[in-house]
K.L.:
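My structure is below; once you've seen it, I'll send some questions.
The chain is numbered in sequence order, starting from 1. Read the numbers this way: they start at 1 and go in the same order the structure lists the ligands and their atoms.
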Amino acid sequence: ESSSAGEPETDERNRSVNPSQVDDLRILARERYLNDRESLKLQVLQKELTLLEQDVAREGWDSLTKIEQDEITLKRELISLVQQRDGSSGESRFRFQDDYVDEDGHVDVARKQQLLQRKPTQQLEPKTRQQLWEEQQLESAVKASGDVDAIHVAGSRQYEFVFDDDALIDFTGDDENTLPEVESAYDQKLLDELDREQTRLQSIQDTRRSLPVYRFREPLLSAIKEHQVLIVVGETGSGKTTQLPQYLVEEGYTKSGTLQIACTQPRRVAATSVASRVADEMNVVLGKEVGYSIRFDDKTTPDKTILKYMTDGMLLREFMTDPELKKYACIIIDEAHERTLATDVLLGLLKDILPHRKDLKLLISSATMNAAKFADFFYDAPIFNVPGRRFPVDIHYTLQPEANYLNASITTIFQIHTTQQVPGDILVFLTGQEEIEAAKQNLEEIAHVLGSKVRPLIIAPIYANLPQEQQSKIFEPTPEGCRKVVLATNIAETSLTINGIKFVIDPGFVKENSFVPSTGMSQLLTVPCSRASVDQRAGRAGRVGPGKCFRIFTKWSYFHELELLPKPEILRTNLSQVVLLLFSLGVTDLIDFPLLDKPSIPALSKALENLYLLGALNSKGSITRLGRMMCEFPCEPDFGKVMHTAATHDSCKGVLEEVVSIIAMLHETSSIFIQERANHDSSKSSIAGKVFSDHVLYLETYNRWKDMNYSRSWCFDHKVQYKTMIRVRNIRDQLWRCCDKLGLVALNDQASHTLNGSSNLEPRIIKCFISGFPKNIAKLGTSGYHTMGVQQGGVNVSVHPTSTVFQSLRKDMVKPSKFILYQKLVLTSKEFMRDCIPIAREEWLNEMVPHYFKAKD
Ligand code: ADP
Ligand code: MG
C-alpha cells in the first residue's frame with residue numbers, strides 16, 4: 001500500500017497538509033497498524049488466558065493437566081513481560097519521526113525507507129515523553145486534515161475488533177524495562193498465534209456468509225419489523241439458531257445493550273454449545289455479551305449480556321420474577337417442533353402477554369414439520385420459509401427386524417468403514433449415555449483388534465451429561481484419511497449440526513419420559529421414534545453431498561408401526577411442576593389456558609391431586625405458602641418439599657444439610673461412580689458395605705470428599721468422577737443459597753442444636769424423602785415388591801442391580817424391608833427401581849403423609 005502507486009492521489013487529497021508530511025503520515029499510519037497488531041496479539045493472548053483462568057477458578061488448579069498448567073504459566077509470563085516492556089502508557093508504543101530526522105531537520109532517507117518497510121516482528125523500544133508529545137501533535141495534524149482515510153493501510157480495517165472492556169489490559173508502569181533476548185521467540189510464537197486466530201476468524205465469517213439464511217437476512221429483518229410474531233422454518237443447519245439472534249443484535253434490537261434477546265432451546269447441551277459457537281462468531285468471551293443460562297449453570301453477566309441462549313425451562317421460570325419479560329426485546333423459541341412441555345407452556349404465556357407488549361418480537365423457529373400449527377395458534381402469523389439445500393439420501397432398511405440394534409449398529413459402522421471411501425463421517429442415533437458409552441467401548445475394542453488393517457476411526461460421543469470440554473470433539477474437522485463416528489442421542493436430530501456427515505445409522509428409538517396418570521407413575525421408556533423423526537435423522541446424511549441412511553428396522557415397520565409425528569410432551573408427562581408454576585403466576589383456569597394441545601382432564605386432576613398431597617395447594621385449590629416456596633427451588637417441587645420438611649417438620653427437622661447434599665447428588669447419579677463393566681459394585685465398594693441405601697451412600701460419598709477438602713486424588717482413589725463432583729458441589733451451593741433465602745437454613749439451625757449425635761440422622765432423612773415422594777413407595781408382597789397407591793395392587797418392580805440395596809440384600813442376606821422408596825422407575829428387561837432407600841418402620845408413612853396412607857389401609 002505504501003508503494004508509489006497511491007502517492008500522487010494521496011498528495012492531491014492532502015493538499016491542506018504540508019506535502020512533505022505525507023510520508024510521515026504514512027509512517028504514522030503504519031505504526032498504528034503495527035501497534036494494532038501488537039495490542040491485538042496481546043488481546044488474543046489475554047482472551048485465551050481469561051478462558052483458562054475461568055477454568056482454573058471453576059475447577060481448581062489441581063484439576064488441570066500438566067500441559068494445561070504449563071500453558072497458563074507461559075501465557076501469564078508472556079503477558080507480564082509485554083506489559084513490563086510497554087509500560088502503562090497504552091496507546092502507541094513506537095518511535096518514529098526522530099528516527100530519520102536529525103536535530104537540524106535533515107532527513108535520513110535510508111532510515112525513512114527502512115521504516116516504511118518495517119515488518120511487524122521488529123523489536124520495539126520504549127519511547128520518551130517527548131516522542132509521545134510529538135505523536136500527539138502529528139496525530140492532531142492528521143485529524144485536522146479531515147482526510148485520514150486517504151492514508152489507507154492494507155488490512156487495517158480487518159483488525160478492528162470489538163473486545164470486551166474487561167479483557168483489556170492494565171499496564172504496569174515501568175518505562176525503563178526492555179525485553180530480554182528470548183522475547184523474539186515468544187514474539188514469533190505470538191504472531192503465529194495471531195495469524196491463526198485471524199484465519200480462524202476469517203473462516204468463521206466465510207461460514208456465516210455461506211449459510212442459507214444469510215441470503216434472506218434483509219427480507220427476514222423486514223418481516224420481523226412488520227410482524228410481531230413470525231414463524232421461521234428451515235432445514236437443520238441453515239443457520240436459524242446461530243444467525244437469527246445475531247441479525248437482531250446487528251439490527252439494534254437490544255437498544256445498545258439495555259434490552260436482551262433470548263433464544264430458548266429444549267436441551268441443555270444445545271444451549272451451551274450454540275452459545276459458545278456464537279460467542280466465537282461475535283468474537284467475545286462466552287458469558288459476557290453472549291451467554292447461556294441452564295439450570296444450575298448461569299453463564300451471563302448482568303448489564304452486559306445481550307444475547308442469551310437458555311433452556312425453555314429457564315425462560316419459563318423468569319415469568320415468576322418478570323411476568324411481562326420486560327428486559328427482552330425479542331424472544332426466539334427455537335426448536336419449537338420438539339414440543340417440550342416448557343415450550344408449549346411458554347407459547348401459551350407469550351400469547352397472553354403479546355397484546356400488552358406491542359414492542360416485543362416473537363420468533364418461533366421450527367424444523368419443517370407442523371409449522372402451520374404454530375401459525376394457527378398465533379392468529380395466522382406469517383411463516384417465513386428459508387429454502388435450504390439438501391442432497392438426496394438413499395434409505396436402506398434391514399430385511400428382518402434386528403433383536404439387538406446396538407450390535408447391529410456396530411456391525412453396520414464397520415461395514416461402512418471398510419467398504420466406503422473417506423471422507424465420509426458416520427452419525428449413529430442411540431438413546432442415551434449408557435448405550436453410547438457401551439457402544440464406544442465396543443467400537444474401540446474392535447478397532448484395536450483390527451489395528452492397522454483399517455483406517456483410523458475417531459469416536460466422538462455426544463449426550464446431555466457429557467462434560468462440556470468433551471463436547472467440542474464432535475465439531476472438530478476429521479483429519480485426512482480418517483473417519484469420524486459420532487454417537488449421539490437425538491440431540492443431533494435437529495438441535496446440533498455436525499458437518500461432514502455422509503452416513504446415518506438409525507435404530508429408530510428414542511428415550512422418552514412417560515407418565516401414566518392412572519398409576520401416577522413417571523418412567524423413562526425407550527420407544528420407537530415417529531416417522532417425522534426418522535426422516536429428520538436421515539436428512540442429516542445429505543448436508544455435504546449425497547448420503548446414505550441405514551435404518552435398523554424394516555420398511556414394513558416404517559410404514560405400519562411408526563407414528564406420524566412425535567407425541568408432544570404435555571400429553572405424556574407429569575404436569576405437577578408446570579401446574580404449580582401456572583398457579584404461582586396466577587393462571588388457575590387450566591382448562592382455558594391457551595395450549596397447542598390440551599392435556600387430558602385425568603392428567604390435570606392427577607397433577608392437582610399430587611400438589612394437594614404435597615401441601616402445595618390447599619383444599620380450596622389455591623396455592624399455599626409452601627407451594628410458592630416449592631416454585632422457588634430450581635428443581636422439582638417434590639425435592640422442594642423434602643427440603644422444607646428437613647428444616648421444619650417436628651419429627652425430623654435439623655437434617656437440611658444432609659438432605660441438600662443428597663438431592664444435589666441425585667441430580668447427577670448417572671455419572672458419579674466410574675463404572676467398571678465386569679464388576680458392577682467394585683467401584684462403590686470402598687464406601688458401600690456399611691451403608692444400606694443409595695441415599696446414604698451418596699451422602700457419605702459427598703461428605704468424605706468434602707472432608708478431604710474436595711480433593712481430586714480422593715476421587716481418583718475412590719473411583720468417583722471428580723468433574724461430576726464439582727458439578728454436584730455447585731448444585732448443592734445453589735440449593736443451599738435458595739434454602740437460605742427462603743429462611744429454611746435459619747429454621748434448620750435452631751432444630752439441629754437439639755439433635756444428639758448422628759445416630760438418628762438416617763430415620764430423619766428417610767422421613768423427609770417420604771414426605772416429598774409418597775407415591776414412589778413400593779411394598780413387599782408375596783412375589784417381590786410392587787408399587788402402591790393403585791387400586792389393583794400396583795405393578796411389580798425390582799431393585800436395580802446397581803443399587804446398594806440390591807447388593808446388601810444379596811451379600812449380607814439382609815432381610816428385605818417391607819417398604820422401599822425409589823427415585824426413579826426404569827423399564828428395561830423389567831421394571832427396575834433406581835436410587836432406593838429402605839423404610840425401616842411402617843408407621844413413618846402414616847406419620848409423614850397421613851391423609852394419603854391412612855386412606856390406603
Ligand atoms: P439451524 O439452527 O438452522 O439448524 P445452526 O444455526 O445451528 O442451524 O447452524 C448453522 C451452522 O453453524 C452449521 O451448519 C454449522 O456448520 C455451524 N455450527 C453450529 N454450531 C457449531 C459449532 N459448535 N462448531 C462449529 N460449527 C458450528
Ligand atoms: Mg437450530
Side-chain angles (χ1 to χ4, degrees), residues 199-217 220 230-249 261-283 286 290 292 307 309-312 332-340 343 363-369 371 383-391 425 427 460 462 466 468-478 484 486 488 490-502 536-537 539-545 547:
T199 323
R200 197 180 64 84
L201 290 177
Q202 191 53 47
S203 89
I204 281 180
Q205 292 316 318
D206 291 347
T207 313
R208 283 195 67 189
R209 277 189 286 269
S210 70
L211 292 173
V213 286
Y214 182 72
R215 281 172 39 221
F216 296 90
R217 189 180 183 280
L220 260 169
L230 186 69
I231 291 136
V232 182
V233 174
E235 278 285 337
T236 304
S238 53
K240 301 183 297 296
T241 310
T242 53
Q243 307 306 305
L244 285 182
Q246 289 189 69
Y247 295 168
L248 295 171
V249 172
I261 291 168
C263 179
T264 67
Q265 298 291 318
R267 294 192 184 79
R268 296 161 57 97
V269 199
T272 56
S273 151
V274 169
S276 124
R277 167 72 181 180
V278 172
D280 256 3
E281 290 189 7
M282 290 171 63
N283 201 23
L286 179 62
V290 179
Y292 65 77
L307 172 51
Y309 287 91
M310 62 206 304
T311 47
D312 43 13
I332 303 168
I333 304 292
D334 202 2
E335 306 281 324
H337 61 267
E338 288 258 346
R339 300 289 312 277
T340 59
T343 289
L363 292 184
I364 297 167
S365 116
S366 150
T368 356
M369 50 179 134
I383 299 178
F384 194 111
N385 209 338
V386 179
R389 165 131 205 238
R390 200 176 72 209
F391 295 92
D425 296 338
L427 171 61
I462 178 90
L466 189 71
Q468 224 193 322
E469 54 279 7
Q470 286 172 41
Q471 287 169 19
S472 52
K473 199 170 167 190
I474 60 166
F475 295 113
E476 281 165 19
T478 313
K484 181 161 68 186
V486 179
N490 65 337
I491 173 122
E493 194 175 299
T494 57
S495 321
L496 290 186
T497 306
I498 305 155
N499 291 325
I501 300 292
K502 237 178 180 160
Q536 276 290 339
R537 291 176 173 191
R540 305 296 97 234
R543 286 198 63 240
V544 277

K.L.:
For Y214, look at atom OH and say whether over 12 heavy atoms of other residues, nucleotides or ligands are found less than 6.0 Å away.
P.N.:
no

K.L.:
Under a 3.5 Å cutoff, is there a donor and acceptor pairing between the side chains of E335 and Q265?
P.N.:
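No, no side-chain donor-acceptor contact under 3.5 Å.
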
K.L.:
Tell me how many protein N, O or S atoms are closer than 2.8 Å to the Mg ion (ligand 2).
P.N.:
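That number is 1, waters not included.
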
K.L.:
Check this for me, if you would: do R209 and D206 make a salt bridge, where the nitrogen-to-carboxylate-oxygen distance has to be below 4.0 angstrom?
P.N.:
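Salt bridge between R209 and D206, a charged N being under 4.0 Å from a carboxylate O: yes.
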
K.L.:
Side chains of T207 and S210: donor-acceptor distance under 3.5 Å anywhere?
P.N.:
no

K.L.:
Would you say V232 and S366 make side-chain contact, with heavy atoms under 4.5 Å?
P.N.:
no

K.L.:
Could you tell me whether the side chains of E281 and Q205 share a donor-acceptor contact shorter than 3.5 Å?
P.N.:
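No, because no side-chain N or O of E281 sits under 3.5 Å from a partner of the opposite role on Q205.
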
K.L.:
Mind listing the closest non-hydrogen atom pair of A492 and L427 along with its distance?
P.N.:
CB-CD1, 4.0 Å

K.L.:
Return yes if a side-chain donor-acceptor contact under 3.5 Å exists between D425 and T478, otherwise no.
P.N.:
yes

K.L.:
Determine, for R267 against E338, whether the closest basic-nitrogen to carboxylate-oxygen distance falls under 4.0 angstrom.
P.N.:
yes

K.L.:
Can you pull the residues with any heavy atom under 4.0 Å from ligand 1?
P.N.:
L211, E235, T236, G237, S238, G239, K240, T241, T242, S273, R277, F475, T497, N499, R543

